[in-house]
2 protein chains.
Amino acid sequence: MPPRQSSDISRGKVAVTDVYASMRASILEGEIAPGTRINIDAVARSLGVSQTPVREVLQRLEGDNLVVYSPGRGYSTTPLLGLPELRSLFEFRLLVEPWAARAAAVDRLANPAAALERELASFRDTMKADKDLRQDLVAHDTRFHDTILAASGNPVVRHAFAQTHCHLHTFRLYPADVDGAITVAEHSAVREAIEACDPEQAEAAMTMHIRNSFDRFAQAFAGELAPLEDTGAPRKRIIK
Amino acid sequence: MPPRQSSDISRGKVAVTDVYASMRASILEGEIAPGTRINIDAVARSLGVSQTPVREVLQRLEGDNLVVYSPGRGYSTTPLLGLPELRSLFEFRLLVEPWAARAAAVDRLANPAAALERELASFRDTMKADKDLRQDLVAHDTRFHDTILAASGNPVVRHAFAQTHCHLHTFRLYPADVDGAITVAEHSAVREAIEACDPEQAEAAMTMHIRNSFDRFAQAFAGELAPLEDTGAPRKRIIK
DNA sequence: TTATTGAAATTCATATAGGAAATCACCCCC
DNA sequence: GGGGGTGATTTCCTATATGAATTTCAATAA
C-alpha cells in the first residue's frame with residue numbers, strides 16, 4: 001500500500017483529499033508546533049469544510065505518525081524525532097534496504113537500473129535549476145528508494161518500509177537544505193551495482209549509503225540540539 | 001503501535017470500539033465473504049449505531065488490510081492471502097524476527113526470558129482445557145512474538161512487524177485448528193536460547209521456527225487449494 | 001501568594017439529514 | 001438477437017446539530 005493511491009484524488013472524497021494535503025503540509029512545514037493539540041473545529045472552519053472530513057484526515061495522519069490520539073483529549077501533533085527514534089528508524093532501514101538492493105540486483109526484467117537512471121537524470125536536471133532543493137531532494141530520495149523496494153519483489157517489505165514514512169519524518173526534522181550532490185553520488189553507486197547485477201556490491205553500497213545518511217543526520221543533531229539541551233531547565237530533584 | 005491500545009476502551013469513542021471489534025470478528029470468522037462490498041448503512045443499522053463510527057472503523061480496518069477502499073464504490077473486504085502473499089509475509093518475518101531474537105538474547109534486564117516463560121506456562125495451562133484452541137493459539141503466538149520484538153529495543157521494527165498483522169491474516173486463512181504442541185516446542189527452543197544469552201542460537205531457533213511455520217501453512221495450501229486449481233477453467237489460448 | 005472549588009465555555013463523539021454520484025434494470029434502436 | 005441509452009434506486013460523502021466530558025478561568029479561603 002504505497003502512501004496513497006492517486007485514485008483517491010480522481011473522484012470521491014474530494015474534501016478529504018484537499019484537507020489531507022493541507023494539514024500534512026502544515027505539520028511538515030512546522031506551522032503547527034510539534035506537540036500542539038489540534039482543534040478540529042478551528043481546522044474545519046479555516047479550511048471551509050465540516051468536521052467530518054477533518055476527523056477522517058486526522059485518522060489517516062495518525063497512521064502516518066504525524067498526530068497522536070489521546071482518549072479524552074483529541075489529537076495532537078507528534079513531537080519531532082529524537083536521536084534514539086532516528087537511530088531505530090535507520091536500524092530498520094539497514095535491515096530491509098540492503099536486502100532489497102541485493103534482491104534487485106538480478107539479471108531479469110525486474111532489474112530497476114533503467115528506472116533508477118531515469119530518476120537520477122531527472123533529479124540532476126532539477127538540481128541545475130537552483131530552486132529550493134529540499135522538497136525535490138526528498139521527493140527524489142523517496143522515489144529512488146521505493147523503486148528499489150518495489151524491485152525486490154516483496155510487497156510486504158515494500159509496504160512496511162513505506163509505512164515508516166522515513167522521508168516524511170526526516171524532512172520534518174531538517175527543513176534546512178542539505179547538499180544533494182552527496183546523495184546523488186551514493187545513489188549512483190547503488191544504481192551501478194544493481195545494473196551490474198552484483199548483489200554483494202549492491203548490498204554493500206546501500207548499507208554504506210544508509211550509514212552515511214544517518215551520520216549526516218546525527219551530526220546535524222549534535223549541532224542543532226546540543227544548545228537546546230542547555231536551555232532546558234535542569235531537573236533539580238526527581239522526588240517531590 | 002500495537003494493534004490498539006486499551007486506552008481507546010477506557011473512555012471516549014465507545015461506539016467505535018464496539019463496532020471495530022464486531023466488524024473485525026465478522027471478517028476474520030468469514031461471516032463476510034472475502035471480496036464482498038460492505039454496505040455502511042446496513043452495518044450501521046444492524047449494530048444500532050450511526051454511519052459515522054462505522055466509517056471510522058472502516059478507515060481503521062483499511063490500515064489492517066482487512067478492507068480496501070475503491071474511490072467510487074466504497075469499502076470491500078480484502079481477498080484472502082494467496083501463496084505468494086504468504087511467502088512475502090514470511091520473508092519479511094525472516095528479515096526482522098531472527099534479528100530481534102538475536103538482539104533480545106543479551107545479559108541485561110531487557111532479556112525477555114522470564115516474560116516468555118510466563119506466556120508459555122499460561123498457554124500450556126490453556127491447552128489442557130481443550131476448548132477451541134484456535135483463538136488462544138493465535139493470541140499466544142501474537143504475544144510471544146511481540147514480546148521478543150519489544151525486547152529488541154527498536155520500536156520502529158516492532159511497529160513495522162505489528163502492522164503486518166500477520167497473525168490476523170494467517171488466522172483468517174486457516175480457521176481450521178492446528179496442533180499447538182509443535183508451536184509450543186519451537187517457542188520453547190527460542191526462549192531457551194534467549195535465556196541462555198546465546199544470540200547465534202536464538203537467531204537460528206527463530207529462523208527455524210518461521211521456516212517451519214511457513215512450511216506448515218504452505219502444506220495446508222497445497223491440500224486445500226490444489227483442487228480449486230483443477231476446477232478453474234484452463235486457459236486455452238493467451239491471445240484472442 | 002498559593003491551592004482549591006465551582007461554574008461557564010470549549011471541544012469532542014455521535015446522531016441525523018441532504019445533495020451527489022454510481023449502479024442496476026428496463027426499454028429502445030440497430 | 002444484441003448493444004447502447006435513460007430513469008429510478010441505492011449508496012456514498014459531506015454538512016449540521018446535540019449530548020457528554022473535559023478544560024479553563026475566576027473567585028474564595030487558607
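Residue numbers begin at 1 in each chain, while the letters A, B, ... track the order of the sequences. Just so it is clear, the structure is predicted and the values come from calculations on it, not from any experiment.
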Fill in: Side-chain N or O of B:S50 closer than 4.0 Å to phosphate OP1/OP2 of C:dA15
yes

Any B:Y69 side-chain N or O less than 4.0 Å from OP1/OP2 of D:dC13:
yes

Sorted by chain and residue number, the ring-ring contact (aromatic ring centres under 6.0 Å, His included) partners of A:F90 (sequence neighbours excluded) come out as A:F214, A:F217

Testing C:dT23, C:dT11, D:dT14 for proximity to the side chain of B:R37, the answer is C:dT23

Among D:dC12, D:dT14, C:dT14, the one nearest any side-chain atom of B:I40 is D:dC12

Sequence neighbours excluded, the answer for salt bridge (charged side-chain N to carboxylate O under 4.0 Å, His left out) partners of B:E119 is B:R143

In whole angstroms, the gap separating C1' of C:dC12 from CD of B:E56 amounts to 11 Å

B:N39 CG to D:dC13 C1', in whole Å, measures 14 Å

Quick note, side-chain hydrogen bond (donor to acceptor under 3.5 Å, both in side chains) partners involving residues 83-92 of chain B, not counting sequence neighbours, are A:N154-B:E91

Counting only pairs under 3.5 Å, give me each side-chain donor-acceptor contact of residues 48-55 of chain A, with atom names and distances, residues two or more places apart or in other chains.
{"residue": "A:S50", "atom": "OG", "partner": "A:T52", "partner atom": "N", "Å": "3.4"}
{"residue": "A:Q51", "atom": "NE2", "partner": "A:D41", "partner atom": "OD1", "Å": "2.1"}

Sequence neighbours excluded, the answer for ring-ring contact (aromatic ring centres under 6.0 Å, His included) partners of A:Y75 is A:Y69

Check the interface with nucleotides 18-20 of chain C: list each N/O to N/O pair with the protein under 3.5 Å, or write none.
none

Review point. When you check the gap from the basic side-chain N to the acidic O, do A:R60 and B:E62 get nearer than 4.0 Å?
Key: no

Ranking D:dC13, C:dT14, D:dA15 by distance to the side chain of B:R55, first place goes to D:dC13

From CG of A:D41 across to P of C:dA13 the rounded distance in Å is 12 Å

To the nearest angstrom, the OH-P distance between A:Y20 and D:dC13 comes to 18 Å

Show, in sequence, the C-alpha distance, side-chain angles and deciding distance for B:H145 and B:F161, and conclude whether the side chain to side chain contact (heavy atoms under 4.5 Å, CB included) test is met.
CA-CA 10 Å; B:H145 286 271; B:F161 175 74; 4.2 Å; yes

In whole angstroms, the gap separating P of D:dA15 from CZ of A:R45 amounts to 14 Å

- Message: Taking 4.0 Å as the cut-off, does a side-chain nitrogen or oxygen of B:R73 come that near to OP1 or OP2 on C:dT23?
- Response: yes

